[in-house]
Amino acid sequence: MNDAHARIFAAIAAIPRGRVASYGAIAARAGLPGRARLVGRALGEVPDGMELPWYRVLRSSGQIAFPPGSRGFREQSKRLKAEGVDVRNGRVPMSAFGLDADLDRALWGMPG
DNA sequence: GTAATGACGCGCC
DNA sequence: CGGCGCGCCATTA
């Protein structure tokens with residue numbers, strides 16, 4: 001655990017229920033533009049017991065990052081569907097559920 | 001030290 | 001829509 005991870009977790013925790021965000025967007029919100037991979041790394045080190053909506057983080061394409069059919073893949077799609085997110089073929093329509101620039105600013109209170 | 005490996009992203013073709 | 005290449009960076013071998 002370090003400062004970068006802490007900010008990444010904070011950014012993920014800020015994703016509203018029923019919505020999703022990309023790794024790149026999380027990295028940017030954490031003050032780490034271009035470090036999308038670091039977000040993926042941080043998610044692999046989330047402490048057990050820590051409450052974090054990790055399943056709301058997707059690739060910029062809306063695709064679930066886990067290999068199709070894997071444990072994480074099924075778990076993520078299950079949780080997303082459970083809160084009303086449309087998951088089809090391992091992918092979520094970002095245009096409908098993703099946080100675009102305006103919504104981002106409105107929900108996360110940061111200037112564009 | 002170099003090389004490979006990811007819960008990634010973007011531009012190009 | 002699919003494939004490639006390159007950038008990114010912490011870890012691991």
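Please read these numbers as outputs of a predicted model, since none were measured by experiment.
Among residue pairs with one or both ends in residues 44-59 of chain A, those qualifying as side-chain hydrogen bond (donor to acceptor under 3.5 Å, both in side chains) are A:Arg41-A:Glu45, A:Tyr55-A:Glu83, A:Arg56-A:Glu83; sequence neighbours excluded.
Residue-to-nucleotide proximity on DNA chain C shows that, of A:Arg37 and A:Arg41, the 5′-proximal contact is made by A:Arg37. Nearer to the 5' terminus of DNA chain C, by closest-nucleotide assignment, is the contact made by A:Gly34 (compared with the other of A:Asn2 and A:Gly34).
Under the 4.5 Å side-chain criterion, counting only non-hydrogen atoms from C-beta, A:Val87 is in contact with A:Ser77. At least one side-chain heavy atom of A:Met94 sits less than 4.5 Å from a side-chain heavy atom of A:Leu58. Looking at heavy atoms from C-beta onward, A:Ile26 lies in side-chain contact with A:Ile15 at the 4.5 angstrom threshold.
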Any chance you could encode DNA chain C as dot-bracket? Rule is Watson-Crick or G-U wobble with both distances under 3.5 Å; [ ] for pairs crossing earlier ones, | for another strand. .||||||.|||||
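Comparing C:dT12 with B:dG1, their C1' atoms are spaced 15 Å from each other, to the whole Å. C:dC6 and B:dA7 have their P atoms separated by 22 Å, given to the nearest Å.
The two residues A:Ala11 and A:Arg29 come nearest to each other via the heavy atoms CB-CB, 4.0 Å.
If you walk DNA chain B from 5' to 3' and mark each nucleotide with an atom closer than 4.0 Å to a heavy atom of chain A, the marks span B:dG6 to B:dC10.
Every residue meeting the side chain to side chain contact (heavy atoms under 4.5 Å, CB included) condition with A:Asn2, not counting sequence neighbours, appears here in chain and number order: A:Ala4, A:His5. Considering only residues two or more places apart in sequence or on other chains, A:Arg7 meets the salt bridge (charged side-chain N to carboxylate O under 4.0 Å, His left out) condition with A:Asp3.
A:Ile8 has its CD1 atom 11 Å from the C1' atom of C:dC9, to the nearest Å.
As judged by a 4.0 angstrom heavy-atom cut-off over every strand, A:Ser61 is placed among residues making no nucleic acid contact.
Within the model, atoms CG of A:Asp86 and CG of A:Leu80 stand 10.5 Å from one another, a figure rounded to the nearest 0.5 Å.
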Salt bridge (Lys or Arg N to Asp or Glu O under 4.0 Å) for A:Glu75 and A:Arg79? Distances and angles first, verdict last. CA-CA 6 Å; A:Glu75 179 69 10; A:Arg79 286 174 181 262; 2.7 Å; yes
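Although no hydrogens or angles enter the test, the distance criterion places no donor-acceptor pair under 3.5 Å between the side chain of A:Gln76 and the main chain of A:Phe66.
Checked options A:Val92, A:Val57, A:Leu99; the residue passing with A:Val20 is A:Val92 (criterion: side chain to side chain contact (heavy atoms under 4.5 Å, CB included)).
Proximity of residues 76-91 of chain A to DNA chain B (heavy atom under 4.0 angstrom from any strand atom) is not detected for any residue.
OP1 or OP2 of C:dC9 lies within a sub-4.0 Å distance of a side-chain N or O belonging to A:Arg35.
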